[in-house]
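Quick caveat, the model's predicted, so the values are computed rather than measured.
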Amino acid sequence: MSLTRSKPGRKISSAAMTRARLNDVRIPRFLFYTLILLVSFGAEARQNELAGHPSPYLALHGQDPVEWQTWGRAALDAAKREDKLLFVSVGYFACHWCHVMQRESFRNREIAALLNKHFIAVKVDRETHGALDSYLQNFAEETRKQAGWPINVFISPEGYPLVALLYEPPGDFKAALTRLIERWQKERAQLKTLAEKHPQRSKAKIASAEFAPAAAVNLRRQFVREALGKADMLGGGFGNTQKFPSSPQLATLLEAQAVEPNAELAEFLTTTLDRMADLGLHDHLGGGFFRYTTDPDWRTPHFEKMLYDNAMLARVYLRAAEVLKRPRYRDVGLRSVDFMLRDLKDASGALYTSTSAIDAKGDEGGVYLWTRAELEKTLNPDELRAVARVWQIEKERAFAPRYLPLQATTPTAAEQPLLASAYAKLTRVRAARTLPKDRKMLTGLNGLALAALSDAARLAPTYRRAADQLYAFVKSQWQPAQGLAKGRKLGPGELEDYAYAAYGALSYAELVKSADAQTFARTLTREAWRKFFTDYGWKSEQQPLLPRQAEQLLIADAPMPSPAALLIETSWRLGDREFRRGALAAANSGQELLNQSAFWDATHIRALMRLN
């Protein structure tokens, strides 16, 4: 039974309760002793709030023994009232290590007891609270030099982050909790002071609306130099450990190549796009791309497939076919669109957020991997020989004794029809395997997908109907009195929802020559400037709950493009005088930050290129 008190911040002594009873306040005996028990422990009764939550990720945690609360003012008020640290744990449905930590720690009753007694535990789906997640990721980067998911941040009752943890094995996590509990009991005042002393991002006013075309050219060239400096010229992509597709950077590099051709850049882009399409990042049977690979050679994916990755990569490959004169890339891009429409489409026409890395049996990659026995049972000898050679299964050890489809070597002309036949058979077998999906339909991500579908429909009219349906969904999330929704039953939209939806609506309007879609894009753009832009830059959400979620002159790219930069680009494309002055001022702001490092602001650079 859940109890609430009329004055939850006030402790009631047992003597006062007795006096109340003697004064004929009729308190049932069970309620009387329950309240006495609550008072003696100095805490409020709580229960796990997540069962049946509209976010599938949060609903997964609905049976945890942790008394999870949802993110909001009530949780912060409880932390302040009880003088407890908030434990804010952020993850998402398709995140492998999020599920591991749930299984190992959040379903561990000893760990749950520590969290329930000493903290206000809050679970957050990062895809429904992108602004909060970005703020906490930045805090982790600044304090740990590392970020990612799951991210677990302890926040003072006053709302200041104190310490961040990523995935920890249960023994290490329990030890960290115990140490923090002991310190909180002995050094509470010092820890609060420490949290409040963490450097706050300094505020600076936005620049003037004057535009210097030469500065934009210099920043574009600087961006290309930085990108090539980070590039793996032999293996493609950036970095030498894990490999991410880095879609915002690739999209901007393609535009830079279109403006000022560069042989070295063209070679890097071709190498990267070929290896991403040929090796383990790409689903060779079903189309589309996995989130990233855990190795630098693109062979060992984490098997989650995200709507936003595939929407962005579809556009990257379609544009690359044009810029780099590689028709093959067009097919890769359209197959990503096909994946989204086949595996992520709801009956309403909207698109789901992701597919899980783990199949219905709990097997990571189980939907995508094949044993030798399965291949022999499904394929004829000629098909098997072609598959074995092209996949190089005698050399492939990443998932042994199972194998992941790859194009590790170029198929011969004779092998191509055998591979097509083999893949058709394997696809039919794979259709019987079950893959969980995150069925959230997020407005912003559907806006990104609408831009991709609009590009596809320009090349192949068969995609037009899907684009019509998706536009109808995005528009349905707008109500003039309430604004743009995050998605069905998911609360108000953030900057990214407005920016991505406006961007997608304008792309659709340009495809179908629709005055309605053009007006809708203009409405969202106007509201985004009004709600999220100030004299000090960008807010990622309208009413942040934590005191240091300050405005930013620049919002950097993450796995998804900067919503601020996309809004600048959309404003310029709309061509309205009312937007252009603000777009110029916003685009020109943060020049010092851009000069320090342009690589992480690729979409902002691309917006500057459009303004030039």
**Q** In terms of relative ring orientation, are Trp538 and Phe533 parallel, tilted or perpendicular, with 30° and 60° separating the classes?
**A** tilted
**Q** Would you check if the side chain of Ser562 reaches a backbone N or O of Ile555 as a donor-acceptor pair within less than 3.5 Å?
**A**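 Yes.
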**Q** Looking at Phe93, does the NZ or CZ of Lys440 lie under 6.0 angstrom from its six-membered ring centre and within 45 degrees of the ring axis?
**A**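 Geometry flag: not set, cation outside 6.0 Å or 45°.
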**Q** Any side-chain donor-acceptor pair under 3.5 Å between Glu551 and Thr534?
**A**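 Present: a donor and an acceptor within the cut-off.
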**Q** Has Glu569 got a side-chain atom pairing as donor or acceptor with His604's backbone, closer than 3.5 angstrom?
**A** no
**Q** Should we say atom CD of Gln185 is surrounded by more than 12 heavy atoms from elsewhere, each under 6.0 Å from it?
**A** yes
**Q** Sub-3.5 Å donor-acceptor pair from the side chain of Arg342 to the main-chain atoms of Gly286, do we have one?
**A**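 Checking the backbone N and O of Gly286 against the side chain of Arg342, a donor-acceptor pair under 3.5 Å is found.
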**Q** Spell out, as yes or no, whether a donor-acceptor pair under 3.5 Å connects the side chain of Lys437 to the backbone of Asp343.
**A** yes
**Q** So, does Thr443 use its side chain to make a donor-acceptor pair with the main chain of Ala485 at under 3.5 Å?
**A** yes
**Q** Roughly how far, to the nearest 0.5 Å, is CG of Leu490 from CG of Leu58?
**A**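 Atom-to-atom, Leu58:CG and Leu490:CG are 9.5 Å apart.
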**Q** Taking atom types as modelled, is there a side-chain donor on Thr603 or Asp557 under 3.5 Å from an acceptor on the other?
**A**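 Yes, side-chain donor-acceptor contact under 3.5 Å.
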**Q** Is it the case that the side chains of Thr70 and Glu49 hold a donor-acceptor pair, with the cut-off being a distance below 3.5 Å and no angle test?
**A**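 Thr70 and Glu49 do have a side-chain donor-acceptor pair below 3.5 Å.
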**Q** Looking only at heavy atoms, which two atoms of Arg548 and Ala195 are closest? And how far apart?
**A** NH1-O, 3.2 Å
**Q** Mark yes when over 12 heavy atoms from residues, nucleotides or ligands other than Glu110 sit less than 6.0 Å from its CD; otherwise mark no.
**A** no
**Q** Is Lys305 paired with Asp283 through a side-chain N to carboxylate O contact shorter than 4.0 Å?
**A** yes
**Q** Quick one, Met101 and Asn152 - any side-chain contact, counting heavy atoms below 4.5 Å?
**A**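 SC-SC contact between Met101 and Asn152 confirmed.
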**Q** State whether the side chain of Gln542 and the backbone N or O of Phe532 hold a donor-acceptor pair below 3.5 Å, judged by distance alone.
**A**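 No, the answer is negative, given that no donor and acceptor are paired below the 3.5 Å cut-off.
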**Q** Any non-hydrogen side-chain atom of Tyr57 less than 4.5 Å from a side-chain atom of Lys123?
**A**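 Tyr57 reaches Lys123 side chain to side chain.
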**Q** Pick out which of Leu136, Ile120, Leu85 makes a side-chain contact (heavy atoms from CB on, under 4.5 Å) with Ile155.
**A**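 Exactly one pass, corresponding to Leu136.
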**Q** Say whether, by atom type as modelled, one donor and one acceptor occur between the side chain of Glu494 and the main chain of Gly130 under 3.5 angstrom.
**A**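 Confirmed, Glu494 side chain pairs with Gly130 backbone.
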**Q** Could you walk me through whether Leu369 and Phe303 pass the side chain to side chain contact (heavy atoms under 4.5 Å, CB included) test, one step at a time?
**A** CA-CA 10 Å; Leu369 298 171; Phe303 289 97; 4.1 Å; yes
**Q** Start with the C-alpha gap between Asp83 and Arg188, add the side-chain angles, then the distance that decides, and say whether salt bridge (charged side-chain N to carboxylate O under 4.0 Å, His left out) holds.
**A** CA-CA 9 Å; Asp83 205 23; Arg188 186 167 310 201; 3.1 Å; yes
**Q** Specify the closest pair of heavy atoms between Pro170 and Ser105, including all atoms of both residues, with the distance to one decimal.
**A** CA-OG, 3.5 Å
**Q** Would you check, one step at a time, whether the test ring pair (Phe, Tyr, Trp, His ring centres under 6.0 Å) holds for Trp68 with Phe106?
**A** CA-CA 10 Å; Trp68 292 117; Phe106 300 142; 5.0 Å; yes
**Q** Below 4.0 angstrom, N of the basic side chain to O of the carboxylate: do Glu496 and Lys486 qualify?
**A**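 Result for this pair is yes, salt bridge flagged.
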**Q** Considering non-hydrogen atoms only, spot the tightest contact between Gln137 and Gly148 and give its length.
**A**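 Answer, listing the atom of Gln137 first, then Gly148: OE1-N, 2.9 Å.
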**Q** Specify the closest pair of heavy atoms between Gln249 and Ala602, including all atoms of both residues, with the distance to one decimal.
**A**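 Of all heavy-atom pairs spanning Gln249 and Ala602, the closest is CA-CB, 3.8 Å.
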**Q** Would the distance check show the side chain of Asp359 and the main-chain N or O of Gly362 forming a donor-acceptor pair, the cut-off being under 3.5 Å?
**A**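 Yes, the answer is positive, given that a donor and an acceptor are paired below the 3.5 Å cut-off.
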**Q** As an exercise, state the distance from CD of Glu187 to CD of Glu182, rounded to the nearest 0.5 Å.
**A**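 Answer for the CD-CD pair, Glu187 versus Glu182, is 10.0 Å.
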**Q** Can you tell me if Gln102 uses its side chain to pair, donor with acceptor, with the backbone of Leu60 under 3.5 Å?
**A**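 Pair found, side chain donor or acceptor close to backbone of Leu60.
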**Q** Below 30° counts as parallel, above 60° as perpendicular, anything between as tilted: where do the rings of Phe154 and Phe87 land?
**A**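 Aromatic pair Phe154/Phe87 classed tilted.
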**Q** Between Asp133 (side chain only) and His129 (backbone N and O only), is there a donor and an acceptor less than 3.5 Å apart?
**A**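 A pair under 3.5 Å: no.
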**Q** Evaluate ring pair (Phe, Tyr, Trp, His ring centres under 6.0 Å) for Tyr308 paired with Tyr500, printing each intermediate quantity in order.
**A** CA-CA 11 Å; Tyr308 63 79; Tyr500 296 163; 9.2 Å; no
**Q** Run the side chain to side chain donor-acceptor pair (under 3.5 Å) test on Tyr167 and Glu104 for me, step by step, so that the C-alpha distance in whole Å, both residues' side-chain angles and the decisive distance to 0.1 Å come before the verdict.
**A** CA-CA 10 Å; Tyr167 166 78; Glu104 293 179 345; 2.6 Å; yes
**Q** What are the two closest heavy atoms between Gly52 and Ala59, and how far apart are they?
**A** N-CB, 4.4 Å
